[in-house]
Amino acid sequence: MKVLFFILFFQSIVAQNTVEVLYKTSFNGDFLSKENKESKESNFQKNFFNGIESKISTLHFQLIVSENKSLFKSIPEMEKEGETTGEKMAKIVTEFDNKYYTDLKLKKIIIDELSIDKNNKVDLGFDTYRWEFLNDTKEINGYQCYLAKTKYAHLDVFAWYCPKLPYSFGPMEFSNLPGLVLELQKGNVVFLAEKIIFDSKNKIDFDLTKFQSITKEERDIYLKKQRESYNLKFGN
């Protein structure tokens, strides 16, 4: 009977047209070292970094899933004049302006990222991350989740995924796990699912075969040239 219930539950979820996950962000850690915090000369730094952390806690993102595809992006804020440097930095830290397109059938993940002077669509590849499955479990929004770990450059990435939600998607490019990712920590930035909408009115319709994209290597070369041009111009 339990097996039958699970099969029906699984089928009812998969049958949904579009699933939407709303995430809030937070910063788990400290920008400043203990020595800098205790320094009398670090008041400006304290205010600046506290401003970043405060701003991060106000940002929200959404993951829209439809069949084998997903789109992860920020939820726009109300326009505001005079955005502080700390607020701008918070958006950089959380990659607020980027969009992530994933197609499991094509085995493709493309990021539409804000570059120095233009938007670049970058092919991130697939199966880039090797996940280590840990024994830890916890409940998130009433769902039993399991912990997996991987590396992003020098940063640790922890993903809490739910096998009962059979979608191999998550925030940013961190997909391809045996369940929907309800919490992700990349470095000190945390994305936590606040709400799951199983029949969302938000739809996605994209074809990654029609995207004009560059490779990560081409992107890195482009950014390097931009930095060198900047240094020549301003003498840094």
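We're numbering straight along the sequence, starting at 1. These numbers come from the heavy atoms of this one structure, side chains and all, not from hydrogens, waters or symmetry mates.
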Rounded to the nearest 0.5 Å, how far apart are [atom1] of [X] and [atom2] of [Y]?
X: F191; Y: L182; atom1: CZ; atom2: CG; value: 14.5 Å
X: N68; Y: T102; atom1: CG; atom2: OG1; value: 11.5 Å
X: T25; Y: E194; atom1: OG1; atom2: CD; value: 9.0 Å
X: T94; Y: F61; atom1: OG1; atom2: CZ; value: 4.0 Å
X: L177; Y: Y146; atom1: CG; atom2: OH; value: 14.0 Å
X: I111; Y: N98; atom1: CD1; atom2: CG; value: 4.0 Å

Any link between [X] and [Y] through a network of hydrophobic side chains (Ile, Leu, Val, Met, Phe, Trp, Tyr) touching at under 4.5 Å?
X: V157; Y: I140; result: yes
X: F72; Y: F158; result: yes
X: Y167; Y: L208; result: no
X: L63; Y: Y101; result: no
X: L134; Y: L180; result: yes

Name all pairs fulfilling the salt bridge (Lys or Arg N to Asp or Glu O under 4.0 Å) condition that reach into residues 182-193, sequence neighbours left out, sorted by first residue then second.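 Passing the test, one end in residues 182-193: E95-K186, K138-E183.
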
Does D207 CG have over 12 foreign heavy atoms under 6.0 Å away?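 Yes - once you tally the heavy atoms of other residues, nucleotides and ligands closer than 6.0 Å, there are more than 12.
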
Could you tell me how the ring of Y152 sits relative to the ring of F174: parallel (under 30°), tilted (30 to 60°) or perpendicular (over 60°)?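 Perpendicular.
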
Is there a side-chain contact between [X] and [Y] (heavy atoms, below 4.5 Å)?
X: W160; Y: D136; result: yes
X: D156; Y: K151; result: yes
X: S175; Y: S168; result: no
X: V189; Y: F27; result: yes
X: L165; Y: I196; result: yes

Go through the structure and list residues passing side chain to side chain contact (heavy atoms under 4.5 Å, CB included) with [X], not counting sequence neighbours.
X: K195; value: L22, I197
X: N202; value: E20, Q62, I64, S200
X: K55; value: T58, L59, E77, E87, A90, K91

Residues that Y100 engages under ring-ring contact (aromatic ring centres under 6.0 Å, His included), provided they are two or more places apart: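 Y100 satisfies ring-ring contact (aromatic ring centres under 6.0 Å, His included) with no residue once adjacent residues are dropped.
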
Is the NZ or CZ atom of K121 both under 6.0 Å from the centre of the six-membered ring of F211 and within 45° of that ring's axis?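 Flagged: K121 positioned over aromatic ring of F211.
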
Just checking, K69 and F206: is the charged tip under 6.0 Å from the six-membered ring centre and within 45° of the axis?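 K69 over F206 ring: yes.
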
Should D123 and K216 count as an ion pair when the cut-off is N to O under 4.0 Å?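 Judged by the 4.0 Å cut-off on N to carboxylate O distance, D123 and K216 do not form a salt bridge.
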
Does K24 have any salt bridge (charged side-chain N to carboxylate O under 4.0 Å, His left out) partners at least two apart in sequence or in another chain, and if so, which?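 In terms of salt bridge (charged side-chain N to carboxylate O under 4.0 Å, His left out), with neighbours along the sequence ignored, K24 is linked to no residue.
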
